[in-house]
Amino acid sequence: MRKQDVKTEEDIARYLEGWSDFEKAVYVATFRIPRGMVSTYGRVAKTIGRPKASRAVANTLHANPLWPTVPCHRVVCSDGSFGGPRDHANGRMKHVIEEGTPVVDGKVVLNKDTLV
DNA sequence: CCCGTGACCGACT
DNA sequence: CAGTCGGCCACGG
């Protein structure tokens, strides 16, 4: 199926057939993050039952094959900063801001209203 | 099966 | 409060 036709969690799992369960879980969890809010690598890891797999989550999202269907830009570091190469980080920050999420000094403001 | 590689995290100087 | 350090984990070679 074509990437632009992926619109549900089931679609994601189908599109990712052949990928590991871990990777599917990461993308599905990220897909659930509502617009205007963010989550952190650590929290996503916890959500999918792998509390200590934050690094693996980051690795997985780095290769997000379903952008922008899967909003990987809504996943940031635990301190609110955007990890990764400068160019990628800037783009992600721009999208987060466009969705109305508060960003101060290059970092997302993490509180009960912005953090899932 | 061992090893290097990260878009990380939390605790501890 | 900024910088370090060790632990963590999936993946690919």
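Basis for what follows: all heavy atoms, side chains included, without hydrogens, waters or symmetry-related copies. Letters go in sequence order (proteins before strands), and every chain restarts at 1.
One finds no salt bridge joining A:Glu17 and A:Lys24 here, because no Lys/Arg side-chain nitrogen approaches an Asp/Glu carboxylate oxygen to under 4.0 Å.
You won't find any donor-acceptor pair under 3.5 Å spanning the side chain of A:Arg55 and the base of C:dA10, going by distance alone.
With B:dG10, C:dC9, B:dA7 as the choices, the nucleotide that has an atom nearest any side-chain atom of A:His88 turns out to be B:dA7. Nearest nucleotide to the A:Lys52 side chain, out of B:dG6, C:dC9, B:dA7: C:dC9.
To the nearest angstrom, P of B:dG6 lies 17 Å from CD of A:Glu23. Summarising the geometry, the separation between CG on A:Asn59 and P on C:dG13 is reported as 14 Å, rounded to the nearest angstrom. In this structure, A:Arg50 places its CZ atom 17 Å from P of B:dC9, rounding to the nearest Å. Per the geometry, CZ belonging to A:Arg92 stands 10 Å off P belonging to B:dA7, to the nearest Å. As rounded to whole Å, 15 Å separates atom C1' of C:dA10 from atom NZ of A:Lys24. When the P atom of C:dA10 is taken as reference, atom OH of A:Tyr27 falls 15 Å away, rounded to whole Å. Rounded to an integer number of Å, the gap from A:Phe22 CZ to C:dA10 C1' is 6 Å. Rounded to a whole Å, the CG atom of A:Asp79 is 10 Å from the P atom of B:dG10.
A close approach under 4.0 Å does not occur between any side-chain nitrogen or oxygen of A:Ser20 and OP1 or OP2 of C:dA10.
Only one option out of A:His88, A:Glu98, A:Glu99 pairs with A:His73 in a side-chain hydrogen bond (donor to acceptor under 3.5 Å, both in side chains); it is A:Glu99. Residue A:Tyr27 forms a side-chain contact (heavy atoms from CB on, under 4.5 Å) with just one option from A:Asn64, A:Val6, A:Thr69, and that option is A:Asn64.
A gap of 15 Å separates the P atoms of B:dC12 and C:dC8, to the nearest Å.
Toward the 5' end of DNA chain C, the nearer of the two residues A:Ser54 and A:Asp21, judged by each one's closest nucleotide, is A:Ser54.
In this structure, A:Pro68 has no side-chain contact (heavy atoms from CB on, under 4.5 Å) partners at least two apart in sequence or on a different chain.
There is a side-chain donor-acceptor pair under 3.5 Å between A:Glu10 and A:Thr8.
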